[in-house]
Every structure is written in structure tokens, then in C-alpha cells.
Amino acid sequence: MAAEKPLVSVTCTAPTNIAVIKYWGKRDEKLILPINSSLSVTLHQNQLKTTTTAAISRDFKEDRIWLNGKEEDVGHHRLQSCLREIRRLARKRRSGSDGDLVPLSYKVHIASVNDFPTAAGLASSAAGYACLVYTLAQLYGVESELSEVARQGSGSACRSMFGGFVQWHMGERPDGKDSIAQQVAPESHWPELRVLVLVVSAERKPVSSTSGMQTSVETSSLLKTSGHTPILLPSVLALDSWIISENWLIALQFRAESVVPGRMAEMARCIKERDFEAFGQLTMKDSNQFHATCLDTFPPICYLNDTSRQIISLVHCFNAYYGKTKVAYTFDAGPNAVIFTLEETVDEFVAVIKQVFPPEMNGDKFLKGLPVEPVELSEEVKSALPMEPFPGGIRYIITTQVGPGPQVLEEPQRQLLGPDGLPKPVS
Ligand code: DP6
């Protein structure tokens, strides 16, 4: 029986995701219920992932957690929500018969590591909480409602519970039971799609997503007004939009109510039909609207820096040169750019990036991830590029693709906790 073993442990990995229709703003801070639905692409774990080991033993005195080798406060309310929910679901599922399953009264030790910069706008909390919830679920034998639990760790984490293309339905219920993630298409659906993560800065972000979106909800009239400063919008029926008439509506939540619902439907269509032109344009527009909302927050939040803005110009210039959308950018709560493109464009666009942002120190470590072939740019393309070279602006590029959801690791050597239940020394 499991309880007689000194230590029972499970190790899993989970992916990060990048939103193409952004989540920004909560209607319930505690349950993490959003004011709008969102849609994301799960990135491949061969390049970016979190690994977590969770173990239980009769000998453990208390729940403990180590993140990237450092012990953290296990009392953090989001961590507690996830632990409590998984234990509650496990209890519900067992309803009295413990059988071969691990005892719920035993304390748990958790160790988790990211293989990418934490809190640099690369959705580390998404992969982290998705991995935590998935690993605990494996340990306690829980199978259902996992995205609902991961959401209570970090909103974007619920989307990392699936591979491929994933939507998070905002839901309507006050208890959040319908605020869940669902796969729109599997990772195999669009095999030519590529993702380049341009790491501009590995610094921690100045304002966390959690506090940034809270101030936006309170102050930005582009996102959501509090009711006393409504913005007026012409109804779609008003042909002469400058005449104030009964056709004007009061939009109390401009982005959340008037923009996102239409964009969710359109984005799902772009993905289903593999329409890169429309997918890329909508991705860029939604990223821009999210950053406009941040700038409309008071005091304003600026996640983009000069390099981010240069990347935006470069993408538009490259697309204008070809007369179509061949590359698209999106930025989360940080200056790093995530570029979507098709396999056929990767080598040339990376050469363009190297031309404008010549690698400074780490020439050989500049390109990580999937292989990229060197390309000689034509003089015509070079002269179409808008700016002077900016050495060192981009630290490195991670080339990746759409990937699967969380996985269980069977190999014992990949466990992060030793037989004593403490983190193994980093080799
Ligand atoms: C800009 O999920 O990190 O990346 O729910 O407070 O943990 P919390 O916030 P988080 O916010 C992500 C915001 C975003 C957009 C997105 O991923 O949809």
C-alpha cells in the first residue's frame, strides 16, 4: 500500500502560453475571475517549461515549497487556494475509500524550476501554477476541473493546462465554475506556425500583472469605467456617428464588452482556417490595445521600452516590404516581444533581427531553440529596414513552436526532490 512507502512523489512539466487575445482585469480578485475571455497559444516545452516534483511522506512535518532552489512561503494565498482545492477534489472523489491512494492528511513538499527568466513577461506564473496543479492532481489522483483550480493560482495558468490553441471562457457565475479553459485546436493543427521569443531584458518587470490590471480596472476608461464616467459610443446602427441620438449607447466596459467578444470569435476562425494574414493582424491589434489600456491607466504603466517599439516598427516595415503580413508581434506585461511567423519566413526574419540588433557579447548563444539557417539578406531588403543598427538591443532569441499540454515525467533522475524530500543539489 502507498502509505507504507517512505515517500511517494510525482514529477511533471507544464508549458507557458502567450495570449493573442489578452486577459487584463478581474471581476473577482480572490477567485481570479476575468472581465473578458482570452485566447492563447501554448508554447513547446522543448524550449520553455516548468518542472515540478511534489512528494508526500508520513515524516514530513509541514507543507513546504522551493521555487528555483529557494524556499518560499507556503502560506501564500494563491498557493493555498490551489492546495486546498486539489485536496477538496481528492476527498470528494474518494468519498471514504482510500484504496491505494496517498493519504490526504500527510504533508506535501514541492520543488519547482523554470528554464526561462522568471517574471520577465514570459508568463512564468502560468507555467508555474499549471505545473503545480497538474502535479498535485497526479499525486492525489484528481482528474477533472483542473483548469478551474489552476486559474486560482494565476489567471493565465488555466490556459497552460492544454496544448495547442486554448480559450479561457470568462464565465458568468459568481462561484467561477464556468470560468474555465478549453482547447480550440490541438498542437498538430497548424504545423508551419513558428514562435520567436525576442528576449529584450531579463529584468523583473516594474509592475506585476496582478497589480497592473487592478489599477487599470480602477482607472482606465478604455477598459472598464466605474459607472460615473461612462464613455459614449455610436451604436453600429448610427450611420451619422456625430449626431447624438438614441442610437448612442453607453459602453461601460469598452474593451471587455465591445471589443473582445467579436475578437474571440474572429481569432477562433483565423486559427481554424489557418489564416495567417488575419491571425497576425488581430494578434498585433490586440497587443496594442492592451498596451494602450496600460498607458490609459493612472498612473500610466509602460511595459514596452525603446527596443520593443523598434521591434514593432521593424515588423510593420518588413510586412510593408512584402505587401502582406508575414510576421506579427505580441507583448505581455514586459518588454520582450513574441513573434509569430510561418516556417518559411523564420530564417530571413532572424537575419533581419541580427542586422538591426547585432548580437553584442554572446554571438554563439544568440540563437536558442529550433535550428535557424543563416541567410544573406538582399541589399533591397536591407535598404527597406527603417533604422540604424542597435547593437545588443536583443539579448537572445528562442525559436519555438506550438506545443502540448502538461506531461508526467517517468524518469527518476528528473525528480527535483531527493529521497529525504529535500531539493536535490543543482548539477
Ligand atoms: C498580459 O495571469 O499573470 O499576460 O491572474 O493576476 O496572476 P494574475 O495575472 P496573469 O496576467 C496575464 C496578463 C497578460 C495577458 C494574458 O496572458 O492573457
Side-chain angles (χ1 to χ4, degrees), residues 14-43 48 50 76-79 81-82 114 116-133 147-162 165-171 176 179-181 184 195 197 204-218 220 223 255-256 259-260 263-264 267 282-283 285-295 297 301-304 308 329-338:
T16 182
N17 70 75
I18 179 79
V20 288
I21 302 294
K22 306 285 186 196
Y23 144 56
W24 196 250
K26 298 182 186 67
R27 61 180 200 278
D28 185 316
E29 294 282 334
K30 195 166 159 282
L31 288 173
I32 311 197
L33 301 177
I35 59 168
N36 62 261
S37 296
S38 56
L39 204 153
S40 62
V41 177
T42 299
L43 304 186
L48 299 155
T50 295
H76 190 280
H77 71 278
R78 290 181 169 203
L79 186 61
S81 300
C82 294
N114 290 336
F116 53 91
T118 302
L122 286 175
S124 58
S125 67
Y129 276 106
C131 206
L132 173 83
V133 168
S147 85
E148 202 196 315
V149 182
R151 189 203 71 226
Q152 296 181 52
S154 178
S156 52
C158 73
R159 299 185 313 236
S160 274
M161 298 304 283
F162 297 94
F165 303 82
V166 184
Q167 54 182 325
W168 171 15
H169 297 282
M170 62 178 285
S179 189
I180 51 172
V184 174
V195 183
V197 182
R204 291 181 77 86
K205 54 196 169 192
V207 181
S208 73
S209 324
T210 305
S211 76
M213 69 176 80
Q214 201 171 358
T215 321
S216 293
V217 169
E218 282 159 15
S220 170
L223 185 67
R255 173 171 162 76
V259 179
V260 172
R263 286 189 174 177
M264 286 293 291
M267 188 55 90
L282 190 51
T283 295
K285 284 181 183 172
D286 205 71
S287 172
N288 293 342
Q289 188 173 78
F290 153 53
H291 289 280
T293 305
C294 291
L295 213 53
T297 298
I301 308 168
C302 309
Y303 287 121
L304 306 181
S308 319
Y329 54 77
T330 185
F331 296 83
D332 273 353
N336 299 322
V338 175

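Remember, it's 1-based here, ligands and their atoms both numbered in the order they're listed. If you read the sequence from its start, that first residue is 1, and numbering goes on from there. Keep in mind that what you see is a predicted model, and the values were worked out from it rather than measured.
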**Asked** Just heavy atoms, cut-off under 4.0 Å: does Arg78 contact ligand 1 by side chain, backbone, both, or neither?
**Response** side chain
**Request:** Assess the side chains of Arg159 and Ser38: does a donor N or O sit below 3.5 Å from an acceptor N or O?
**Result:** yes
**Message:** Under a 4.0 angstrom heavy-atom cut-off, which atoms of ligand 1 come close to Ala19?
**Reply:** 16 (C), 17 (O), 18 (O)
**Message:** Under a 3.5 Å threshold, yes or no: a donor from one side chain and an acceptor from the other, between Thr293 and Trp24?
**Reply:** no
**Prompt:** Do any N or O atoms from the side chain of Ser179 and from the backbone of Met170 form a donor-acceptor pair under 3.5 angstrom?
**Reply:** yes
**Prompt:** Taking only heavy atoms of Ser156, which atoms of ligand 1 are found under 4.0 Å from at least one of them?
**Reply:** 2 (O), 3 (O), 10 (P), 17 (O)
**Asked** Which distance, rounded to the nearest 0.5 Å, do you find between the OG of Ser287 and the CG of Leu304?
**Response** 7.0 Å
**Fill in**
Within 4.0 Å of some non-hydrogen atom of Arg159, the atoms of ligand 1 are 16 (C), 17 (O), 18 (O)
**Complete:** So for Ser209 against ligand 1, with non-hydrogen atoms under 4.0 Å, the contacting part is side chain
**Asked** Does ligand 1 have an atom that lies less than 4.0 angstrom from a heavy atom of Phe290?
**Response** yes
**Asked** Is Trp24 close to ligand 1, meaning an N/O of one under 3.5 Å from an N/O of the other?
**Response** no
**Request:** Could you tell me whether Gly155 and ligand 1 have an N or O pair separated by under 3.5 Å?
**Result:** yes
**Message:** For ligand 1, which is the ligand I care about here, please tell me if Ser38 has any N or O atom under 3.5 Å from one of the ligand's N or O atoms.
**Reply:** no
**Fill in**
Separation between OG1 (Thr330) and NZ (Lys285), nearest 0.5 Å, reads 14.0 Å
**Request:** Heavy-atom distances under 4.0 Å are what count here, so tell me which part of Thr210 touches ligand 1: side chain, backbone, both or neither.
**Result:** both
**Complete:** Per-atom filter on ligand 1: closer than 4.0 angstrom to a heavy atom of Lys26 are 5 (O), 6 (O), 8 (P)
**Message:** If we count only N and O atoms by modelled type, under 3.5 Å, do the side chains of Thr42 and Asn17 hold a donor and an acceptor together?
**Reply:** no
**Request:** Go through ligand 1 atom by atom and flag the ones less than 4.0 Å from a non-hydrogen atom of Met213.
**Result:** 9 (O), 11 (O)
**Prompt:** For Asn17 and ligand 1, does the shortest N/O to N/O distance drop below 3.5 Å?
**Reply:** no
**Message:** Please check this pair: side chain of Ser308 against backbone of Pro335, looking for a donor-acceptor N/O pair closer than 3.5 Å.
**Reply:** yes
**Interfacing atoms of ligand 1 (cut-off 4.0 Å, heavy-atom, Ser125)** = 3 (O)
**Nitrogen or oxygen of Lys22 less than 3.5 angstrom from that of ligand 1** = no
**Asked** When rounded to the nearest 0.5 angstrom, what distance separates OG in Ser156 from CZ in Arg151?
**Response** 12.5 Å
**Asked** How close do Ala130 and Ala157 get, heavy atom to heavy atom, and via which atoms?
**Response** CB-O, 3.8 Å
**Fill in**
If we number the atoms of ligand 1 from 1 as shown, the ones under 4.0 Å from a heavy atom of Ile32 are 5 (O)
**Item:** Side-chain touch Trp168/Tyr23, heavy atoms, less than 4.5 angstrom
**Value:** yes
